[in-house]
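Bear in mind the structure is a predicted one, so any value in this text is a computation, not a measurement. Protein chains get the first letters and strands the later ones, always in sequence-line order, with residue 1 at the start of each.
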Amino acid sequence: MLDKNGIAQRIAQEVEHGQYVNLGIGIPTLVANFIPEGIDVEFQSENGILGMGPFPFEGEEDADMINAGKQTVTLEKGAVLFDSATSFAMIRGQHVQLTILGAMEVSETGDIANWKIPGKMVKGMGGAMDLVASADNIIVAMMHTNRAGESKVLPKCSLPLTGVNCVKKVVTNMAVLDILPEGGFKLLERAPGVSVEEIVAATAGKLIVEGEIPEMNLG
Amino acid sequence: MLDKNGIAQRIAQEVEHGQYVNLGIGIPTLVANFIPEGIDVEFQSENGILGMGPFPFEGEEDADMINAGKQTVTLEKGAVLFDSATSFAMIRGQHVQLTILGAMEVSETGDIANWKIPGKMVKGMGGAMDLVASADNIIVAMMHTNRAGESKVLPKCSLPLTGVNCVKKVVTNMAVLDILPEGGFKLLERAPGVSVEEIVAATAGKLIVEGEIPEMNLG
Amino acid sequence: MAMNKLVSGVEEALEGVHDDMTFMLGGFGLCGIPENCIAELRKRGIKNLTCISNNAGVDDFGLGLLLQTRQIKKMISSYVGENDEFERQMLSGELEVDLIPQGSLAERCLAGGAGIPAFFTPAGYGTEVGEGKEVRMFNGKPHILEAALTADFAFVKAWKGDSSGNLVFKGTARNFNPPMAMAGKITVAEVEELVPLGELDPNFVHTPGIFVQRIFQGASFEKRIEQRTVRSKN
Amino acid sequence: MAMNKLVSGVEEALEGVHDDMTFMLGGFGLCGIPENCIAELRKRGIKNLTCISNNAGVDDFGLGLLLQTRQIKKMISSYVGENDEFERQMLSGELEVDLIPQGSLAERCLAGGAGIPAFFTPAGYGTEVGEGKEVRMFNGKPHILEAALTADFAFVKAWKGDSSGNLVFKGTARNFNPPMAMAGKITVAEVEELVPLGELDPNFVHTPGIFVQRIFQGASFEKRIEQRTVRSKN
């Protein structure tokens, strides 16, 4: 099983040289720490940064320089600042090529739910609905099951949706899954020490297992 | 009869303190020369200036500083530069409060034609269609008749339209006319030395003449 | 000659606000929020407000201050976490909440300011947000029709500004301020620093003064940091 | 680490252009036009081009150069006066011309770049421009539905730019360049001055590099003035 950093590390392998990437709150934020040398990417923060850098050194925090998670951040060389409308023009216009975000549930047809639990919790969708409706490539980073041990990898989402038919890949603490255009989770890789049987047991949606499933290579 | 400068001078009386104003090519451009002391207005040029100033002194022309008529201009103190999309956001969003433009024909219902003579001339509408569809107050500056002596103040435009039901006032070399909401040109003022009979003769559209018609006061 | 939008302070700037009005408030989280205007709205005690703002502040700062006093009837936002009182009022039904995708919120304000009454966007199709909205396919992809937003007053916070209302923002404090500045019937700008007319470079103004009706120097700015996050020097 | 969009010059920048493509070209009149790209398009002799540009240049400069050589099949513009050869080709039917209100042209490019496939505008209602387009009332006023524009290549001209494609424009040479930069599948920027990465103030960049795929320093810029107008010092 992977921890959050492990999930982030595995997702970092999906990031391609020259991509503009939006990282959601939580596990996705950690992905920035694992981008290999030589892969040039720029991180977009939807509150108005392109070329977001690491957290500031202590004492150098600036209230006017935060990311979409409201954390203090810095800028990389060549960064740009802009307003929210311009930011979502970049997102909606598919100039941001890769979106990595968390989810409460993902369905075998690529639907995602991550903003509301009726009657219990409503944080709002923030920029997630724009992001999942727009980017060509959307990767979900999440735990395979919830705290009650129930699968989050489902035939159909039970919670209010954030987007439909949009998620292309899911990386969990147990597996890497492609979502096929015709529906279904295709098992690509197992997390270290996790068996195919365990993944089958933890996956409620249609799982496609073909041939030998390799263990993730986390270098 | 007024000349072009006279028309511009009369129109300048319509400009109110605190207004943002767009001046079209030709006679409207001259209006800027007649704004009285104490009336603060800012001129918008739709190619990207708010706070347009006079022409530059000789030798100070800048190829990167032109107005919508492609003439070299300068900036007033406090001016701002922006792109074409932002410029028309100002216009379409009715932040530019007054538009003064030329016309080939105006109708008694406030239609205007000024961009095309089928088979003969097509310059294009430029920003005129956005301007007349948007501003609350639209004043047309033109000669009362064309070179052939035919009235340009018509029951209905014969040329392709630039906008419908939009012109509020017409100032010509002969008269000041309000266009009434219910249709018709209401004669407000005569140009110096021009009789009501002459205006009636030169106006093809429905002209409403009530009571004594004063001569323009050009100070 | 440039127009003079300068008012004496927040009291004059908020002349004409009253119960039942719709306000836009710039800011993202607590970054770039119109602190002085919010404080004055609280002081005036006007009620039944509809507030359009990306977030709803925290319990004791930002719009949270107007939630405490129950002045807000309805919030139109994209993300409202980090605020317990908000969640309580919403789940109990005391507070109406219209949640909107963040990009649609920004674009709807921009459209409101730009005279675009409606536009199509893919965001929210197939979700609660799309319910009851017109759907149309473009390039093989479903889109929903979203309407422009405007407000009786828009309150924005800028870094620098001049008497004609030209504004410059700093860092990520820009966020929703420029699109909202365009969409207010009356837009009020509070600035950290009022500069003499002519000092702002015309080529680098973020919000042209035409969008701003009143401007004043804010008396004070707390500029609270919501998530102070740092790394060590090693 | 910022992306590197720098190419060696106009030849490399235009790799992949060919007959029958749709191009956007920034500029207003002769102000802010991509002179180097236009010269290279003429040199390559590619034909049947659709050019989206606010104007069509003058007889011997700007897009007029491509009209002389009959490389343009169709122009999409708002104003095409000041060009006799253009008028001749248009009135004789050799050249297809789609005339669009200037604001709609700018907004349609912006929309194309921003993932908004269509929007309503009042401009052109009741005119030839509105013919065949959907009409809808908003706030008691008729509006027409306009579609986004995109292009195979967008050619823009900036004052300063860096290797990651961040651009700054000067004066009124900004005009259509920023919205068109957003709407090109491949956007090529020619700049008067290439500056080292980090030299442009992140707070004052007009076009973020994400919209630009290739950038190069223009070999030369004539920057011709169309209407030299001056006043005397008295």
Looking only at heavy atoms and a cut-off of under 4.5 Å, which of [options] has the most pairs with chain A?
options: C:Leu105, C:Asn83, C:Asn177, C:Leu91; value: C:Leu91
options: C:Ser78, C:Ala123, C:Ser77, C:Ala173; value: C:Ser78
options: C:Ala106, C:Gly32, C:Pro142, C:Gly130; value: C:Ala106

Taking the side chain as everything from C-beta on, heavy atoms only, tell me whether [X] gets closer than 4.5 Å to [Y].
X: C:Glu107; Y: A:Phe88; value: no
X: A:Glu60; Y: C:Lys233; value: yes
X: A:Pro56; Y: C:Arg231; value: no
X: C:Pro179; Y: A:Asp83; value: yes
X: A:Glu46; Y: C:Gln102; value: yes
X: A:Val122; Y: C:Leu99; value: yes
X: A:Ile49; Y: C:Thr172; value: yes

**OP:** Check whether any side-chain N or O of C:Thr229 sits under 3.5 Å from a backbone N or O of A:Phe55 as a donor-acceptor pair, and report yes or no.
**Re:**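 The answer is no, because no donor-acceptor pair under 3.5 Å joins these two groups.
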
Among the options [options], pick out the one with the most heavy-atom pairs lying under 4.5 Å from chain C.
options: A:Gly127, A:Ala79, A:Ser45; answer: A:Gly127
options: A:Ala89, A:Gly59, A:Gly124, A:Ser87; answer: A:Gly124
options: A:Ala113, A:Pro54, A:Gly48; answer: A:Pro54

Subject >> Residue pair C:Gly103 / A:Arg92: nearest heavy atoms and the distance that separates them >> reply: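 Looks like O-NH2, 3.3 Å.
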
If you measure from [atom1] on [X] to [atom2] on [Y], what distance do you get to the nearest 0.5 Å?
X: A:Glu58; Y: C:Arg228; atom1: CD; atom2: CZ; result: 9.0 Å
X: A:Gln71; Y: C:Ile225; atom1: CD; atom2: CD1; result: 12.0 Å
X: C:Glu128; Y: A:Trp115; atom1: CD; atom2: CH2; result: 4.5 Å
X: C:Leu110; Y: A:Thr86; atom1: CG; atom2: OG1; result: 8.0 Å
X: C:Phe169; Y: A:Leu81; atom1: CZ; atom2: CG; result: 13.0 Å

Spell out the residues in [range] that have some non-hydrogen atom less than 4.5 Å away from a non-hydrogen atom of chain C, in order of number; otherwise answer 'none'.
range: residues 130-150 of chain A; result: A:Asp130, A:Ala133, A:Ser134
range: residues 5-23 of chain A; result: none
range: residues 154-179 of chain A; result: A:Pro160, A:Leu161, A:Thr162, A:Gly163, A:Val164
range: residues 62-70 of chain A; result: A:Asp62, A:Ala63, A:Asp64, A:Met65, A:Ile66, A:Asn67, A:Ala68, A:Gly69, A:Lys70

**OP:** Determine, for C:Glu87 against A:Lys123, whether the closest basic-nitrogen to carboxylate-oxygen distance falls under 4.0 angstrom.
**Re:**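 Not counted as a salt bridge, because no side-chain N and carboxylate O are separated by less than 4.0 Å.
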
Subject >> Portion of C:Glu222 that has a non-hydrogen atom of chain A nearer than 4.5 angstrom >> reply: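 C:Glu222 has no heavy atom closer than 4.5 Å to chain A.
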
Subject >> Contacting moiety of C:Ile100, where chain A heavy atoms sit under 4.5 Å >> reply: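 Interface part for C:Ile100: backbone (N, CA, C, O).
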
Subject >> A:Lys4, NZ atom: more than 12 neighbouring heavy atoms under 6.0 Å >> reply: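 It does not: A:Lys4 NZ has 12 such atoms or fewer within range.
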
Subject >> Heavy atoms of other groups near A:Met1 CE, more than 12 under 6.0 Å >> reply: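 Incorrect, the count does not exceed 12.
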
**OP:** Side chain from CB out, backbone as N, CA, C, O: work out which of these in A:Lys120 comes under 4.5 Å of a heavy atom of chain C, or both, or neither.
**Re:**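 Backbone only.
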
